[in-house]
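Below is one structure, written out as structure tokens, with a few remarks after it.
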Amino acid sequence: MLLLWVSVVAASALAAPAPGTGGQTRGAAGAPNVVLVVSDSFDGRLTFHPESQVVKLPFINLMKAHGTSFLNAYTNSPICCPSRAEFIRLIQKFARAFFKTVIFPCKRLIGNTLAATIPSITRRERDGGISTELLKSEIVGRFLKLFKYLTIYLFLSFCSLSNRVEAWTRDVAFLLRQEGRPMVNLIPNKTKVRVMEKDWKNTDRAINWLKKEAINYTEPFVLYLGLNLPHPYPSPSSGENFGSSTFHTSLYWLERVSRNAIKIPKWLPLSEMHPVDYYSSYTKNCTGKFTEKEIKNIRAFYYAMCAETDAMLGEIILALRQLDLLQKTIVIYSSDHGELAMEHRQFYKMSMYEASAHVPLLIMGPGIKANQQVSNVVSLVDIYPTMLDIAQIPLPQNLSGYSLLPLSSETFKNEHKFKNVHPPWVLSEFHGCNVNASIYMLRTNQWKYIAYSDGASVLPQLFDLSSDPDELTNIAIKFPEITFSLDQKLRSIVNYPKVSASVHQYNKEQFIKWKQSIGQNYSNVIANLRWHQDWLKEPRKYESAIKQWLKTHTNPKTV
């Protein structure tokens with residue numbers, strides 16, 4: 001039945017006007033709707049050959065066939081919240097023009113969403129919901145004319161106390177396991193389709209909104225749906241927090257995975273791993289022995305979870321088709337980051353390796369080139385200016401990203417777009433838990449350069465992705481001229497030693513404040529966080545390491 005639905009949508013798409021040959025008229029009255037679907041932890045390499053052969057993703061393939069896919073799209077930070085911050089920034093800019101009050105959850109929500117529908121602009125102007133300054137903004141003014149209504153499905157999650165304390169103390173010379181050992185869980189109901197019920201519920205909410213609200217709109221709308229899949233599920237453990245290290249699915253979705261096509265990743269010996277990778281592998285509880293069957297199962301379950309994600313994307317596309325909205329709606333699909341799924345002896349994210357940093361990015365709709373693959377390097381910050389460009393809103397100066405329409409469309413020309421084309425590089429950085437140094441990645445057409453901390457205390461990495469796609473051979477020392485050139489380019493973009501120093505100082509200050517708020521019992525509190533098993537074995541050893549770290553790196557009067 002799923003494949004039949006796909007064929008129906010595909011036939012409809014083929015019957016639609018070809019990109020650049022008519023169809024949707026540009027301009028305020030004819031601007032298309034925009035549907036932005038953002039999943040979690042989806043490895044971007046699954047959207048193109050040969051990785052796409054390992055799991056059936058019919059709706060991603062549909063978007064590829066009838067739209068433009070970006071083969072080298074990257075997250076700007078390989079973890080949920082910072083990565084999604086760009087989408088939240090987009091939403092906030094739009095929401096400030098539409099909402100009387102911008103609403104965010106006041107409590108921790110894991111995988112939940114917030115839905116809010118906009119009242120009429122006239123009513124909110126009467127209620128004083130729009131500031132004079134916003135009304136005077138040319139961007140907001142034009143956007144009000146184009147998008148009178150907006151529905152948002154907003155995914156928010158917040159770092160746990162375990163995450164924060166571990167990140168603050170990563171300069172301390174100790175290793176503490178942060179996560180549960182990665183594992184799989186097959187649910188008893190072999191035919192269960194809706195495994196991630198919360199995501200399906202939010203998908204249903206989005207579809208119901210399309211059916212009840214959007215179908216009646218005479219002006220364009222924007223819909224943003226955030227999904228939690230294929231992020232690993234929480235794993236039971238003792239303590240205040242628990243990690244998310246369970247790959248969880250049903251036989252229904254596993255049947256869409258070709259086990260024979262699953263690649264067992266090569267691992268360097270622990271003794272040969274980059275020091276940051278070793279630290280990450282330990283904190284993710286991956287330094288122990290794993291059988292080939294275990295690794296293959298983890299990867300198979302992850303791919304099955306990707307298949308379920310694809311199905312939810314498909315439900316949105318099918319709803320647009322059934323409501324006769326597909327031909328006048330641009331659909332954008334992406335993810336906040338990828339999933340290592342046991343590559344480089346790790347699972348999860350927080351890494352600049354391809355599995356973690358490479359994300360999917362596909363655009364389909366009126367005027368978008370069909371069956372086009374773009375090899376240019378792009379990143380998530382490019383989605384915001386792309387959406388402004390779709391709405392024919394002048395792009396503000398000093399944006400971090402660039403519109404992708406010049407790469408994906410001939411008909412959507414924004415008179416106000418930047419004269420400069422997208423630079424041949426993208427930047428990603430990470431300063432959180434599960435790594436013991438700030439990380440900076442500069443990705444160009446051929447090279448991936450990864451710098452750490454101040455650029456001197458930790459060796460950098462250089463990979464030639466054209467000849468080493470698995471990133472197993474660090475050639476930074478072998479090619480010093482290239483390494484130096486890329487490092488200089490990175491420093492021209494961001495003064496990363498200065499940023500790292502600020503991060504280190506912030507971490508120390510925050511840990512001291514937290515330690516002082518806890519008092520003498522801080523060690524007991526840490527012992528009940530996720531890494532309690534390690535801490536409880538030798539609490540005095542770790543307390544001493546903390547004390548020495550604070551004495552060495554801070555003013556003793558503040559400790």
Side-chain angles (χ1 to χ4, degrees), residues 40-41 77-83 108 110 157-183 231-247 270 273-290 298 302 336-353 355-356 430-439 452 503-504 507-508 510-511 514-515 518 522-539 541-543 545-546 549:
D40 204 310
S41 305
S77 186
I79 193 169
C80 305
C81 292
S83 177
R108 186 166 179 252
I110 300 296
S157 65
F158 302 94
C159 293
S160 68
L161 178 59
S162 290
N163 293 138
R164 296 195 299 272
V165 174
E166 191 273 337
W168 295 336
T169 60
R170 60 198 176 121
D171 288 338
V172 184
F174 55 53
L175 292 173
L176 296 169
R177 281 186 289 266
Q178 259 284 327
E179 310 294 341
R181 180 181 167 97
M183 57 182 288
H231 193 289
Y233 286 70
S235 302
S237 73
S238 59
E240 182 263 353
N241 295 281
F242 44 81
S244 297
S245 56
T246 299
F247 295 83
L270 287 170
M273 292 178 71
H274 188 277
V276 174
D277 289 337
Y278 178 79
Y279 179 92
S280 296
S281 183
Y282 193 94
T283 60
K284 293 176 182 177
N285 213 346
C286 291
T287 53
K289 181 176 176 58
F290 287 85
I298 289 171
Y302 168 67
D336 55 1
H337 52 76
E339 164 62 53
L340 285 155
M342 302 311 291
E343 293 188 31
H344 301 277
R345 196 184 281 268
Q346 297 179 49
F347 79 106
Y348 231 20
K349 55 249 182 173
M350 302 118 164
S351 167
M352 295 303 174
Y353 287 122
S356 170
F430 180 65
H431 308 278
C433 56
N434 290 111
V435 297
N436 58 349
S438 293
I439 310 177
Y452 298 91
V503 170
H504 291 318
N507 288 341
K508 297 165 196 169
Q510 292 303 308
F511 177 79
W514 174 79
K515 179 175 175 289
I518 298 299
Y522 93 95
S523 182
N524 293 332
V525 175
I526 286 182
N528 284 283
L529 298 179
R530 262 190 273 173
W531 53 82
H532 67 99
Q533 292 179 346
D534 288 313
W535 189 279
L536 285 177
K537 289 177 182 178
E538 300 178 280
K541 170 186 173 182
Y542 294 122
E543 291 169 17
I546 291 282
W549 169 63

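When reading the values below, keep in mind they use all heavy atoms of this one structure, side chains included, and skip hydrogens, waters and symmetry mates.
Here His274 contributes atom NE2 and Ser351 contributes atom OG; the two are 11.0 Å apart, rounded to the nearest 0.5 Å.
For Asp277, the side-chain hydrogen bond (donor to acceptor under 3.5 Å, both in side chains) test picks out Tyr353, with sequence neighbours left out. Under the side-chain hydrogen bond (donor to acceptor under 3.5 Å, both in side chains) criterion, Tyr348 pairs with no residue at all, not counting sequence neighbours. Checked against side chain to side chain contact (heavy atoms under 4.5 Å, CB included), Ser281 has the following partners two or more places apart in sequence or in another chain: Met273, Cys286, Thr287, Arg345, Gln346. For Glu166, there are no salt bridge (Lys or Arg N to Asp or Glu O under 4.0 Å) partners at least two apart in sequence or on another chain. Scanning for salt bridge (Lys or Arg N to Asp or Glu O under 4.0 Å) contacts around Glu538 gives Lys541, with sequence neighbours left out. Residues passing the salt bridge (Lys or Arg N to Asp or Glu O under 4.0 Å) test with Asp534, sequence neighbours excluded: Arg177.
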**Report entry** Verdict with supporting geometry, Glu339 and Ser356, side-chain contact (heavy atoms from CB on, under 4.5 Å)
**Finding:** CA-CA 5 Å; Glu339 164 62 53; Ser356 170; over 6 Å; no

Query - Stepwise side-chain contact (heavy atoms from CB on, under 4.5 Å) test for Thr283 and Cys433 - result: CA-CA 9 Å; Thr283 60; Cys433 56; over 6 Å; no

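Between the side chain of Arg170 and the backbone N or O of Ala437, at least one donor-acceptor pair lies under 3.5 Å.
Under the 30°/60° scheme for interplanar angles, the aromatic rings of Tyr542 and Trp535 are found to lie parallel.
The closest side-chain donor-acceptor pair between Ser523 and Glu543 falls under 3.5 angstrom.
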